[in-house]
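Notes follow once the structure below has been shown.
Throughout, protein chains are lettered first and strands after them, A, B, ... in sequence-line order, and every chain is numbered starting at 1.
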Amino acid sequence: MGERADVVELAKRRGFFFAAAEAYGGAAGFYTFGPEGAALKRNVESAWRDRFALKEDNEEIAAPTIMPEPVFEASGHLDTFDDMLVECAECGESHRADHLVEGATALEDAEALEPAEIATILEEHEIDCPDCGAALAGQEVEEFNLMFQTSIGPGSGQPGYLRPETAQGIFVEFPRLKEYARGKLPFGVTQIGPAYRNEISPRRGLIRVRELTQAELEQFIDPEDDEPPLETVADVALRLYAVPDQEESAPAAEGYREVTVREAVDEEVVASDWIAYYLGVAQEWYERIGLDTEKLRFRQHLPGERAHYASDCWDAEAKVESAGGDWIEIAGISSRGDYDLSKHADGSGENFTVFKQYDEPQSVLEPTVDPDMSVLGPEFGGDAGAVAEALEDLAAHDPDAFEQEVVTVTVDGERYDVDTDIANFEVVEKTEAGVHITPHVIEPSFGVDRTVYALIDHGLERDELGGETRDYLSLAAEMAPTDVAVFPLVSNHEPLLESAAEVVSTLRAAGFDATRDDSGSIGRRYRRQDEVGTPFCVTVDRDGLEDDPETITLRDRDTGAQARIPTGELVGQLEALRDGEADFEALLSRYETVETADE
RNA sequence: GCGGAUGUGGUCCAGUGGUAGGACAGUAGCUUCCCAAGCUACCGGCCCGGGUUCAAUUCCCGGCAUCCGCACCA
């Protein structure tokens, strides 16, 4: 199923998500997760945290959502989030003004220019509309910054921005995080939280929004030495949609081919072992949370599509029927190289490297000079310092030059002759314990909201039960907002009400998220739970109260089948079902089943 | 941002220049021993602002929001 209208209607009516602040007319691109949706989202985040932080031995942090301007100057977002558009007066098409300028001139970084300068260039170079050929001269160049700006502190304050990705909060704290990791690679830091993008045109409900929740891992590695534990996911099957497949004139109908992680690496479909590893981890994780993996593929970014920082990137894409059957991006696994840490090192002047120790300290012969400044000073005056530096440079690059009696260096085009004795050239033996390296970053970045949306879309099913059509949400038990619902079979019999209340207390004490419902007919109550994906319903009936020991019936959401089990075994059975140690089929064969109208 | 369509109880819709109705959902009661049953009652609405008019939910203008297409999506 999964018509868009169905998903949106269910989401609103049952409290999964809805447009925020509708009482005041709302604002496009902002959504509130209702009780069911918030619980589902929380479960997605918990499962992600378990897999990408806990199981990978990574640490989670919580950085501010607002950072001062220099952070985003360094990260490149201030420039690259700034699109300049120019609209053709004739045909009305909008074009990236900076791209037009770059295409028509020798300029390579037109993005860095001011809109007014771009407008001037459009005019001077007589650039025309690529679509209709009309002159663009005189058209206004509009600027869109996709970051939300704010000011920090009173008055004009200091400009700040809401983070457009959670990643920067990790990168800027790298100097401390590396200390926490005791300076040893590889290590990873995760963060789950909101990011903000002032989209020009939010669309398609939850799929394109202005505030989104990201779950990101920044895996810091030594690109030369660190290898992922590839063998743990080597046999995981992936559906890869690589660049060559996308470029073929007639790509496969499904738009992917299935290979294992091992094959992807061996056949060099995926260049980086680390990316391959996380593709495998992601695939397993999606299976775990109940995404329909028949509707999951990994698509490699085309070269022109990649972000300013990425050298390779694979998106996880889910086919979402309620979005018109489109493949939508739900995660990106990219290789960011040392881009971010280098940029923040430059921007801040701080140390964003780690010290990489050699296995054995290495002795190196290092040519050095120690010029006698008491001679150079009087001889060269103000140039003496520069001459000394030039000598050091020469020693490093061309030690043979010191074999002559006089060495010659050039400073600002002027030659200086120095007696070799004065330079005090010497080759000394030094011990090096290691080198400072800037780690590379592998970034699995997940869109939590879109994942939630895909789970609902994939989970929404319609079948027939008891002669009636019914809608149910086939969520993985771990994701379901409610673990189990408990009903008295009829609500006009006091002992049943009491017994149901007791069962709920017992389940809650055992750690289950249990709910009770005694309003309306039993069928109606089953349907309510079916719609919000509650995997199991427990019903207390008179027959059960008369049994010795007492029994209740346990109902499976997807089939409606019921087993009558002793009340005392309920917690244990639910735990077994939850932990995957039992399935409902086994219960049905082990216990008495309950006839339903369907059978 | 451009173009088109739309905006009526919680949800899905009908309708009108004289302030509105249905279905479903919800609540209360009756009934009810297994899948949205029935009966009774109740709750609850014309997106916002301006204009035209004696009177606007209806017509006009603007805004906001939603959907579709285009553009954008680092």
Side-chain angles (χ1 to χ4, degrees), chain A residues 4-6 8-15 18-30 34 72 75-88 91-96 99 111 131 140 142 144-147 164-165 197-205 207-210 212 301 305-310 313 324 328-329 332 334 464-472 487-493 496 519-531 537-546 552-553 555 557 559-562 564 593-599:
Chain A
R4 179 179 162 75
D6 296 330
V8 170
E9 193 264 346
L10 175 78
K12 277 196 280 201
R13 190 164 45 78
R14 288 300 187 194
F18 40 83
E22 275 196 308
Y24 289 93
F30 295 97
F72 300 110
S75 72
H77 287 93
L78 218 49
D79 280 344
T80 57
F81 251 62
D82 222 6
D83 289 344
M84 279 175 281
L85 299 184
V86 61
E87 192 178 326
C88 172
C91 68
E93 284 296 304
S94 284
H95 303 282
R96 284 285 295 270
H99 288 178
E111 233 169 23
D131 283 352
E140 193 181 348
E142 286 190 84
F144 292 104
N145 194 321
L146 262 48
M147 282 197 292
E165 57 174 7
R197 300 170 186 191
N198 202 359
E199 295 284 349
I200 296 166
S201 172
R203 279 293 162 79
R204 309 213 284 190
I207 292 171
R208 214 160 133 214
V209 291
R210 290 187 165 128
L212 56 139
H301 276 201
E305 185 182 2
R306 287 197 293 261
H308 58 277
Y309 49 73
C313 182
I328 62 166
E329 174 192 349
S334 56
E464 199 164 291
L465 194 63
E468 303 273 354
T469 60
R470 105 180 145 135
D471 294 343
Y472 65 104
F487 315 132
L489 182 57
V490 291
S491 48
N492 64 348
H493 190 64
L496 291 183
S519 171
S521 74
I522 188 66
R524 179 177 298 253
R525 286 175 272 160
Y526 285 143
R527 300 302 166 87
R528 282 182 190 137
Q529 295 304 321
D530 287 343
E531 263 194 344
C537 289
V538 169
T539 303
V540 183
D541 63 357
R542 278 185 218 160
D543 294 345
L545 288 185
E546 285 162 14
I552 45 80
T553 65
R555 172 184 179 271
R557 174 195 62 209
T559 61
Q562 287 175 279
R564 179 173 292 283
T593 59
V594 179
E595 295 286 315
T596 69
D598 202 37
E599 291 168 288

Whole-angstrom distance between [N] and [M], as gauged at atom [atom1]:
N: B:rA41; M: B:rA23; atom1: P; result: 13 Å
N: B:rA36; M: B:rU11; atom1: C1'; result: 15 Å
N: B:rC39; M: B:rG49; atom1: P; result: 40 Å
N: B:rC73; M: B:rC59; atom1: C1'; result: 40 Å
N: B:rU6; M: B:rC43; atom1: C1'; result: 28 Å
N: B:rU16; M: B:rC60; atom1: P; result: 15 Å

### Lys/Arg N to Asp/Glu carboxylate O, A:R527 vs A:E468, below 4.0 Å
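Result for this pair is no, no salt bridge flagged.
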
Just the table, please: protein N/O against nucleotides 4-11 of chain B N/O, every pair under 3.5 Å.
unit_1	atom_1	unit_2	atom_2	d
B:rU11	O2'	A:E9	OE2	2.4

Return yes if the base of [N] and the side-chain atoms of [X] contain a donor-acceptor N/O pair under 3.5 Å, otherwise no.
X: A:S491; N: B:rU32; answer: yes
X: A:R555; N: B:rC35; answer: yes
X: A:Q562; N: B:rC34; answer: yes
X: A:T553; N: B:rC34; answer: yes

Scan nucleotides 60-64 of chain B against the protein and return all N/O pairs shorter than 3.5 Å with their distances rounded to 0.1 Å.
unit_1	atom_1	unit_2	atom_2	d
B:rC64	O2'	A:G25	O	3.3

Rounding to a whole Å, what distance do you find between [X]:[atom1] and [N]:[atom2]?
X: A:Y472; N: B:rA36; atom1: OH; atom2: P; result: 16 Å
X: A:L146; N: B:rC72; atom1: CG; atom2: C1'; result: 8 Å
X: A:I207; N: B:rC72; atom1: CD1; atom2: C1'; result: 16 Å
X: A:L10; N: B:rC12; atom1: CG; atom2: P; result: 11 Å
X: A:I328; N: B:rC73; atom1: CD1; atom2: P; result: 18 Å
X: A:R470; N: B:rC34; atom1: CZ; atom2: P; result: 18 Å
X: A:E468; N: B:rC35; atom1: CD; atom2: P; result: 10 Å
X: A:D471; N: B:rC12; atom1: CG; atom2: P; result: 14 Å

## Note on the structure
Pairing string of RNA chain B (Watson-Crick or G-U wobble, both atom distances under 3.5 Å; | = paired to other strand) is (((((((..((((....[..)))).(((((.......)))))....(((((..]....))))))))))))....

### Nearest-nucleotide comparison on RNA chain B, the residue closer to the 5′ end among A:E531 and A:R524
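In this pair, the answer is A:R524.
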
### Message
Could you check whether any side-chain heavy atom of A:Y526 comes within less than 4.5 Å of a side-chain heavy atom of A:R470, counting everything from C-beta outward?
### Response
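A:Y526 does not reach A:R470 side chain to side chain.
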
### Message
Any side-chain N or O of A:R14 below 4.0 angstrom from OP1/OP2 of B:rA25?
### Response
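Negative; the distance criterion is not met.
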
### Query
Can you tell me if the side-chain N/O atoms of A:S521 get under 4.0 Å from OP1 or OP2 in B:rA36?
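Answer is no, no contact under 4.0 Å.
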
### Query
If you look at every heavy atom in A:N198 and A:R210, which pair is closest and at what distance?
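Scanning both residues completely, I find the closest heavy atoms to be OD1-NE, 3.3 Å.
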
